[in-house]
Each structure stands twice: as C-alpha cells, then as structure tokens.
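Inspection log for the structure reproduced underneath, given as structure tokens.
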Amino acid sequence: MFDTLIAGLVHGNAYALVAVGITLIFGVGNVINFAHGAIFAFGSVLGWWLIAQHGVPLWAALIAVVGVTALVGVGIDVLAVRPLRRAPAIAALLATVAVGLIIENVVALVFGPDTRPFPQVLSTNNFQVGGVRFGTSDVVMFGITVLVMAGLWAFLRFGRYGLAIRATAQDPDAAAQMGISVGRIQSLAFAIASGLGGLAGIFVGLYNSNISPTSGGVVGMTGFVAATIGGLGSIPGAVLGGFVLGLVEAFGVYTFGDGYRDLITFGLLVVFLVLRPGGLLARPPAIESEPLTGTFLGSGRQWNIRWWQALIAFSVVGLLIPAVSNDYGISVGTQIVAYAIIAVSMTLVAGSAGQLAIGQAGPIAIGAYTSAVLTVSHGWAFLPAIIVAGIVAAVVSSVLAAPLWRLGGHYVAIATLGIGIVTVALIRNWESVTRGSYGIFGIPAPELFGFEFTTHTQIFQLELVVLGITLAVILGVQRSRLGTAIRAIGADEVAARSAGVPVRDYKALAFALAAFFSGIGGALLAHQYSYIDPTVFNLPMSLLVVTILVLGGTASPYGAVLGAAVLIGVPEALRLAPELRIVLYGLVLLLVVRFRPQGILVRRERVRVTA
C-alpha cells in the first residue's frame with residue numbers, strides 16, 4: 001500500500017503542475033483553456049527533441065521548453081482568446097478547443113506521431129524507502145513543484161504584475177479603470193500557465209520513460225479534473241486537487257485495476273460538480289449567465305427553408321449521389337448523414353436551450369452498443385433494435401445528467417464531458433455484455449420488412465430517410481409551444497425562471513430528445529461499420545459534433561446538415577490524411593467562432609454584448 005501512496009503522490013505532483021496553469025488562466029480570463037493539454041504534449045516532445053536528438057543538458061532543455069511554451073501561450077491568447085474577450089465565455093472555450101486540435105496535430109506532423117522513449121537523464125529507480133523504489137527524477141520534480149508554487153505565491157502576493165493579475169481576476173473592468181492593461185496581464189497569465197505546462201511535459205515524460213504528441217488530451221483533461229476538484233480559479237486548490245486526484249486514482253487503480261482509471265478520474269469530476277461545484281477551495285458565482293445565451297452563437301435569424309424545398313433537396317441528393325459516386329463516396333455520404341442526425345438533434349440543446357454539451361460521444365456509444373448487442377447477441381430485428389437504442393440512450397443519459405441541471409455556466413458543459421467519458425468507461429468495463437476492449441464484430445446490415453440493405457446506396461438512402469424524420473421532429477418541436485419555452489430559456493434563463501418556466505425540466509427534456517436521436521445515429525454508425533469498440537467513441541468524436549453544430553449554426557437544423565457535409569465530406573473529397581483532417585477541423589472551428597459565430601446558415605444580426 002505504501003508504494004501505491006508514493007505513486008499517487010508522484011502522479012498528483014504532475015497533475016498539480018498542469019492544474020495550476022489551467023486554474024490561473026481561468027481565474028484571470030474566465031477561460032477554460034482546452035489547449036493546455038496540447039501545450040503539455042508539445043513541451044514533452046520538444047524536451048525529447050532537445051535532449052535526445054541534440055544532446056542539450058536537462059537544465060538548458062527545461063529553460064528552453066518553458067520559454068518556447070510560454071511564447072506559444074501568448075500566441076494562443078493574442079490570436080484566439082483576446083479577440084473574443086467581450087464575447088460570452090463559450091466563444092473562448094471553443095477557440096481553445098480549436099487551437100488545441102491544431103497544435104497537437106501540427107506537432108504530430110512535424111515530429112512524427114509515434115510514441116518514443118524519453119532519455120533517462122535522471123535516475124527513476126535509485127532510492128528505496130520501506131520496500132518502495134523511486135528515483136532522483138521524482139525528488140527533483142517534487143522540489144521544482146514546491147519552488148514553483150512558492151515562487152508563484154510570492155509573485156502573486158507581492159509582485160507588481162502579480163498584484164495586477166489578482167486584480168484582473170477579481171474584476172477586469174475595475175482593473176482597467178485603475179490603469180492596468182488587462183490584455184497584457186491576460187497574456188502574462190497565459191505565458192506563465194503554458195510554461196508550467198511545458199515543464200510538466202518534460203517531467204511526466206521522464207517519469208513515464210516515453211512521450212507521445214497525442215498524450216496531451218488525456219493529461220490536459222486529467223489536469224482539468226484536478227483544477228475543478230480544487231476549485232477553478234484557486235491556485236492552492238489546484239495543487240490540493242492534483243494531489244487528491246493522484247491519490248484517489250492510485251488507490252482506485254490498485255483496487256479495481258487500470259481499466260477503471262477513466263471511470264475513477266471522471267467519475268470523481270462529476271461527483272464534485274454535482275455536490276461541490278466550486279471545488280475544495282473555491283465557490284461558484286451565485287448567479288451566472290449561461291455560456292450559450294443568445295448573444296453569441298445563437299444570434300441571428302435562420303434562413304427560411306420550406307418543407308417542400310427540403311424534400312426536393314433530399315430527393316435530389318438521394319438519387320444524385322449514388323449516380324455520380326463510387327462505393328467509397330457513398331460510404332462517406334452515409335457517415336455524413338449519421339453525424340447530421342446527431343448534430344440536428346443537438347440544435348435543440350445548444351441553439352434553443354442555450355446549453356452547450358460536449359460529451360455527446362456518451363449517448364452515441366450507448367445507442368451503438370445497445371443496437372449491436374440486441375442484434376448480434378439476442379437476434380433482434382434492425383428496426384426495434386435502433387428504436388430501443390435511442391430510448392436506452394435517452395433514459396441512461398437523462399439519469400446520469402439529472403443532477404446537473406441545477407448547475408449553471410461552465411459547469412454543465414464540463415459535467416456533460418465528464419459523463420460522456422464515464423459512459424464509455426462503463427461500456428469498456430462491462431465485458432460480459434459489451435466484450436470490453438475487444439469490441440463487437442459481425443453487426444448485421446439493416447433489414448426492414450424482409451428487405452436487407454446490403455449495398456452502400458441502399459444504406460445511404462435508408463439513413464437519408466431517418467435524417468428527414470429527425471429534421472421533421474426537431475423542427476416541429478422548435479415551432480411548438482414547447483420549443484418557444486425552450487428558446488425562452490436560451491434567450492434569458494433568469495427571466496424565464498422568473499416567468500414560471502420550469503428551467504431544469506425543459507433543459508432535461510431537450511437533452512433527452514437529443515440523446516434519443518444521438519443514440520439512433522450511433523446505432524446507424526454501428527450497422528454501417530459492422531464492428532465497434534470503445535476507442536471509436538472518444539473526445540474527438542464529441543468535438544466533431546460540436547464543430548459541425550457551430551459551423552452550421554447552433555439553432556439551425558438545416559445548418560447542422562450542411563456543417564456535417566462540409567466537415568466530413570470536404571476532407572474526404574480532398575483525401576486528406578487523418579492529421580490534416582483534424583487540423584482542418586480546428587481551423588474551421590477557430591475561424592467560424594472568430595468571424596461567423598452565428599453559423600453559415602444563419603443571417604447575421606449584430607447584437608451588442610456587454611462584457
């Protein structure tokens with residue numbers, strides 16, 4: 001058990017370094033920096049390149065990595081975050097998601113995507129205490145963490161710029177009136193935070209004995225969990241949260257096995273968000289506007305598309321695509337339609353209710369696995385299987401998300417992300433039903449009333465019909481009295497609550513409807529692929545749905561269809577490699593959030609936003 005304690009403290013030390021950077025940026029700029037994990041990965045790869053490829057001493061590599069990653073952090077602020085400073089916080093959040101995708105995949109393109117050994121410049125196994133072995137690297141990392149935290153505390157407590165950071169974090173407008181350059185102070189916070197992320201990247205690489213350009217997503221999310229546990233905005237809380245998470249994770253893995261790591265980590269995140277959203281050492285604001293209130297992504301009027309126009313367009317697409325495309329092109333079209341079904345349903349949550357959900361891979365996975373298990377293991381027919389898949393996705397997602405609707409602001413979006421990851425972790429560990437990491441093979445082709453859809457064209461046309469039904473239902477809800485009430489919540493939640501609208505119930509209902517259609521979309525993907533495993537339903541899948549939604553216009557169901565066609569169809573048509581495709585996703589998301597936040601199928605209506 002003592003060795004588990006040591007392992008927990010070592011991991012918690014690394015989590016604390018990452019969490020401090022995340023919480024510093026949140027405290028100063030009210031920005032959840034999803035690019036922080038990519039900075040961590042870049043720091044680890046850059047450290048490997050300097051030490052292993054060019055023989056740079058560790059101390060010089062540390063200085064170089066901290067300096068370079070600090071400059072990258074300033075670039076993120078100046079290019080992606082600062083232009084959105086007066087927009088609602090969701091704008092900057094999405095911008096950092098986009099930048100993170102770009103950085104991570106550009107690093108993989110430049111340095112290569114492979115995992116590689118990190119040079120053992122410090123011993124990792126030369127000390128022993130009570131039968132537990134650890135190394136000089138662990139002692140040095142702990143010492144650096146203590147020095148960094150003490151130095152950061154002194155800087156914020158007594159330094160001129162540290163006091164300016166604290167003043168900006170407390171009230172940016174008042175700080176500006178006192179002559180503080182809020183923009184420069186925010187850039188300074190990004191520089192410090194990103195430098196700490198790069199520093200953590202080197203030491204985690206040294207501890208793990210290997211590095212990977214794609215490791216940033218996992219570490220960044222884990223650091224984010226630590227910051228949330230400690231209390232977003234609290235630097236002592238970030239340190240405490242890092243060590244708490246490290247210890248809970250270590251003892252949880254010791255008890256249940258490494259396969260439960262994600263379930264433990266993100267389950268702890270959800271528990272804290274529900275029971276103590278302010279974390280251990282912070283307190284959430286008493287009243288907080290929703291991040292998607294109709295002053296940003298929901299602003300503007302949808303293009304008026306009549307039902308008969310949509311019917312003609314669907315008929316033309318259903319006949320034209322099979323006539324001019326080969327099997328590969330039709331298969332891509334089928335994938336576009338499946339993602340369009342998912343994104344169309346999400347317009348009810350993000351566009352109407354004004355609440356971003358970024359863990360949609362959860363209900364998609366539930367739907368895919370439900371239909372696969374029913375058809376493969378129990379011999380169900382296709383139609384009842386996908387209907388039950390949608391129902392199970394709606395019920396399970398609603399039960400898991402039920403405690404969240406009393407939260408507000410960032411916290412709901414964060415919690416849905418955690419629930420999505422927890423859902424996939426549960427699926428991975430329910431091996432008796434889902435076959436765990438091995439996945440499910442031999443998922444049958446769709447069959448209706450004795451007719452089997454075996455060709456790519458038949459499956460494409462079937463899913464096009466399902467998309468038409470989804471559009472009809474979502475548009476019908478939006479135009480009903482129920483839709484009016486949900487839109488009122490998205491426009492002004494406080495006013496809607498004051499008018500007697502049951503806000504929590506309507507948000508939960510919108511989320512359940514979206515989960516139902518997401519489950520059906522997941523089932524269609526499963527029957528298209530004929531094989532699924534838990535790795536299919538990852539964070540990039542959730543981010544792709546969000547990107548499609550933003551590109552088309554969060555309140556526009558037809559825009560969601562167009563967004564799916566652009567983001568999935570264009571990269572495939574250009575035959576882009578997976579890395580280039582994800583870079584394109586990031587660029588599109590960044591440019592849309594910056595220059596066309598209302599989406600491509602929504603008419604611009606300029607709305608003055610008060611910071």
Side-chain angles (χ1 to χ4, degrees), residues 8-44 62 65-67 69-70 72-74 76-77 96 100 140-159 161-163 165-166 168-169 185-204 207 216 218-247 249 265 269 272 278-282 410 414:
L9 290 174
V10 171
H11 280 94
N13 192 9
Y15 297 157
L17 277 175
V18 178
V20 165
I22 291 172
T23 205
L24 179 62
I25 292 175
F26 180 84
V28 173
N30 194 32
V31 176
I32 298 176
N33 182 20
F34 273 92
H36 200 69
I39 295 292
F40 165 91
F42 174 51
S44 66
L62 289 173
V65 167
V66 169
T69 52
V72 173
V74 173
I76 293 173
D77 176 53
T96 62
V140 171
M141 182 168 68
F142 182 76
I144 287 180
T145 300
V146 172
L147 289 175
V148 166
M149 299 311 160
L152 189 58
W153 174 84
F155 171 71
L156 294 174
R157 181 71 176 82
F158 302 108
Y161 288 102
L163 293 173
I165 287 176
R166 292 173 59 195
T168 303
I185 292 301
Q186 183 168 302
S187 292
L188 176 61
F190 266 88
I192 295 173
S194 299
L196 291 176
L199 182 68
I202 290 184
F203 279 105
V204 171
Y207 175 79
V218 175
V219 175
M221 286 304 303
T222 308
F224 174 74
V225 172
T228 305
I229 291 172
L232 285 170
S234 170
I235 290 177
V239 177
L240 178 60
F243 283 105
V244 168
L245 177 59
L247 291 171
E249 186 180 85
T265 301
L269 168 68
F272 263 89
L280 295 171
L281 298 182
H410 299 299
I414 297 168

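Nothing fancy with the numbering, it's 1 onward along the sequence. In this text, all values refer to a predicted model and were calculated from it rather than measured experimentally.
Within the 4.5 Å cutoff, no side-chain heavy atoms of D77 are placed close to those of I25. Using a 4.5 Å heavy-atom cutoff, the side chains of L280 and I229 are in contact. Counting only heavy atoms from C-beta outward, the side chains of Y161 and I185 approach each other to under 4.5 Å. Between L9 and N13 the shortest side-chain heavy-atom distance does not fall below 4.5 Å. Between L232 and I414 there is a side-chain heavy-atom pair separated by less than 4.5 Å.
With T69 contributing its side chain and F40 its backbone, the two residues share no donor-acceptor pair below 3.5 Å. Remark: the backbone N or O of S234 is paired with a side-chain donor or acceptor of T23 at under 3.5 angstrom. At distances below 3.5 Å, not a single donor-acceptor pair connects side-chain atoms of S44 with backbone N or O atoms of G201. Using modelled atom types, no side-chain atom of S194 and backbone atom of A191 make a donor-acceptor pair closer than 3.5 Å.
Using cut-offs of 30° and 60° for the angle between ring planes, the F158 and W153 rings count as perpendicular.
Minimum interatomic distance between G223 and A19 (heavy atoms only, all atoms of both residues): O-CB, 3.4 Å. Between R157 and R166, the shortest heavy-atom contact is CA-NH1, 3.7 Å. Nearest heavy atom pair, residue A189 against residue L24, reads O-CD2, 3.8 Å. Scanning both residues, I76 and A35, for their nearest heavy atoms gives CD1-CB, 4.1 Å. Across G233 and F26, no two heavy atoms sit closer than the pair N-CD2, 3.8 Å. In terms of heavy-atom proximity, V204 sits nearest to A14 at CG2-CB, 3.4 Å.
Here the straight-line distance linking atom CG of L152 with atom CG of L147 works out to 12.5 Å at 0.5 Å rounding. In this structure, OG1 in T222 is found 9.0 Å from CD1 in I22, a value given to the nearest 0.5 Å. Rounding to the nearest 0.5 Å places OG1 of T265 at 10.0 Å from CE of M221. Going from atom OG1 of T168 over to atom CG of L188 covers 9.5 Å, rounded to the nearest 0.5 Å. One distance of note links CD1 of I165 with CG of L156; it measures 5.5 Å at 0.5 Å rounding.
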Is there a side-chain contact (heavy atoms from CB on, under 4.5 Å) between N33 and I39 once you walk through the steps? CA-CA 10 Å; N33 182 20; I39 295 292; 5.6 Å; no
Evaluate side-chain contact (heavy atoms from CB on, under 4.5 Å) for V28 paired with F190, printing each intermediate quantity in order. CA-CA 9 Å; V28 173; F190 266 88; over 6 Å; no
Check the pair V140 / F203 against side-chain contact (heavy atoms from CB on, under 4.5 Å), numbers first and verdict last. CA-CA 9 Å; V140 171; F203 279 105; 3.8 Å; yes
Would you sort out whether T96 and I32 count as a side-chain contact (heavy atoms from CB on, under 4.5 Å), showing the intermediate values? CA-CA 8 Å; T96 62; I32 298 176; over 6 Å; no
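The one candidate from I192, L199, V239 that meets the side chain to side chain contact (heavy atoms under 4.5 Å, CB included) condition with V148 is L199.
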